[in-house]
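Comments concern the structure below.
If you're wondering where the values come from, they're calculated on a predicted model, not measured in any experiment. The basis for the numbers below is simple: all heavy atoms, side chains too, and nothing from hydrogens, waters or symmetry mates. Within every chain, numbering begins at 1; the chains are lettered A, B, ... in the order of the sequence lines, protein sequences first and strands thereafter.
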2 protein chains.
Amino acid sequence: MDDETADAPPEARKRGSYAKGIRRRQEILDRALEIFSERGYDGTSLRSIGEAIGVTHAALLHYFPSKEALLIEVLRERDARGTGFEEHMPFPALSHGAEYNATVPGLIALYTSMAGTSADAGNDEARAYFTERFAGLRAKIATALAEDAGEPVDSEHMKLASLIIGASDGLQIQWLLDDSVDIAGGLELLQRLIER
Amino acid sequence: MDDETADAPPEARKRGSYAKGIRRRQEILDRALEIFSERGYDGTSLRSIGEAIGVTHAALLHYFPSKEALLIEVLRERDARGTGFEEHMPFPALSHGAEYNATVPGLIALYTSMAGTSADAGNDEARAYFTERFAGLRAKIATALAEDAGEPVDSEHMKLASLIIGASDGLQIQWLLDDSVDIAGGLELLQRLIER
DNA sequence: GTCTATACAGGGATAGAC
DNA sequence: GTCTATCCCTGTATAGAC
């Protein structure tokens with residue numbers, strides 16, 4: 001452990017040259033997220049992403065095992081920035097998340113694309129991400145709903161949770177195709193229906 | 001469009017060769033729909049679809065201008081068979097449609113995949129299909145809701161309509177990843193919430 | 001008109017040089 | 001650690017056989 005390399009950020013103290021790779025990987029992730037935010041998720045080939053970042057597509061695959069893995073990491077990065085999307089859990093939080101996301105349609109397009117194809121065979125990274133994401137969200141929302149009502153979690157709360165998540169995702173798809181669709185309004189309406 | 005031969009019943013044209021083409025096209029569509037129903041929507045290359053049908057991939061492109069166009073036609077075919085999915089319009093019809101669809105997960109996977117990517121640039125066929133589909137469904141459902149309540153259609157009915165459609169689509173995605181998610185149950189729950 | 005054969009540009013992925 | 005070169009597969013376009 002040579003603690004003389006002083007240029008590394010605090011958390012990158014594990015192994016000398018490994019930390020640099022971690023930092024570079026994060027840079028790539030940040031740039032990729034920017035690109036999707038600005039330019040949208042269109043003809044995203046690894047080569048075009050690489051070009052926009054300033055590396056070859058092979059370099060990207062040095063840090064990420066596949067294109068799919070890179071894209072899922074971008075979604076994870078989005079999650080991490082999403083104004084605590086999953087934090088203040090009384091379910092209406094989803095509409096805050098939706099509002100934030102609506103500022104970056106490119107990221108929504110990336111999300112719905114990956115979600116829609118996540119169940120297809122071969123998309124293992126995406127499948128794992130969305131399976132786990134949905135299961136986690138359902139559990140959190142169902143728990144919050146049950147606590148709100150002072151009841152133990154039952155199947156009705158789970159149904160409600162999947163309904164809320166589904167409505168959020170489905171509305172995003174419609175909004176991408178027709179921005180007169182009101183995502184936040186729809187979710188608030190659902191919230192009002194539930195709070196009775 | 002050069003229409004030298006005057007108007008005549010499409011069937012009775014020379015040697016019926018045109019009619020045969022139509023029929024062949026329909027055969028291909030039927031086979032494709034079967035394949036997606038049975039084997040799911042996995043590594044669907046035009047070549048593998050063609051192989052399963054018994055033709056080369058080039059033959060498919062003789063009847064359909066692109067792969068995307070073929071897949072969308074399959075979805076249209078599904079619509080046409082969907083137990084009158086959009087007919088008995090009091091919105092709960094969606095849960096009947098969902099129940100039917102649930103018997104063929106491959107077709108749902110095709111649907112969610114195409115829907116999720118329909119807003120991406122370049123997917124013109126899919127974009128047109130889903131834009132029109134969603135707009136049509138919203139209008140129908142909103143009208144039915146308004147009539148049910150004896151009111152004129154307003155923005156609240158439209159919000160409700162997009163919410164119902166979104167819930168249906170979003171629940172399908174979750175169900176593909178985890179079949180413990182109850183699509184019909186979720187939609188019925190939403191229906192109960194609305195009918196008050 | 002219907003189809004096969006074939007060519008092509010572009011994609012993701014991999015191997016190995018530096 | 002990053003690039004070049006390469007591989008195989010994809011969708012698409014064209015030529016021409018029947």
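The one candidate from B/Arg23, B/Arg81, B/Arg25, B/Arg78 that meets the salt bridge (charged side-chain N to carboxylate O under 4.0 Å, His left out) condition with B/Asp30 is B/Arg81.
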Under 4.0 Å protein heavy-atom contact, by nucleotide of nucleotides 12-18 of chain C - B base, S sugar-phosphate only
BBB----
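Atom CD of A/Glu151 has more than 12 neighbouring heavy atoms from other residues, nucleotides or ligands inside a 6.0 Å radius.
In this structure, the CG atom of B/Leu60 is 10 Å from the P atom of D/dG11, given to the nearest Å. Protein atom CG of B/Leu71 is 12 Å distant from nucleotide atom C1' of D/dG11, rounded to whole Å. Rounding to whole angstrom units, CD of residue B/Glu125 and C1' of D/dT12 are separated by 14 Å. Atom CD1 of A/Ile49 is separated from atom P of C/dG10 by 17 Å (rounded to the nearest Å). For the pair A/Arg23 CZ and D/dG1 C1', the computed distance is 13 Å after rounding to whole Å. In this structure, the CG atom of B/Leu70 is 15 Å from the P atom of D/dT10, given to the nearest Å.
Neither OP1 nor OP2 of D/dG1 sits under 4.0 Å from any side-chain N or O of A/His62.
Ion pair B/Glu188/B/Arg192 not flagged as a salt bridge, since none of the NZ, NE, NH1 or NH2 atoms sits closer than 4.0 Å to an Asp/Glu carboxylate oxygen. At a threshold of 4.0 Å, the pair B/Arg76-B/Glu132 counts as salt-bridged, since one of the basic side-chain nitrogens sits closer than that to a carboxylate oxygen.
Every residue two or more places apart in sequence or in another chain that forms a salt bridge (Lys or Arg N to Asp or Glu O under 4.0 Å) with B/Glu34 is listed here: B/Arg31.
Across every non-hydrogen atom of A/Ser113 and B/Asp120, the tightest pair is OG-OD2, 3.1 Å.
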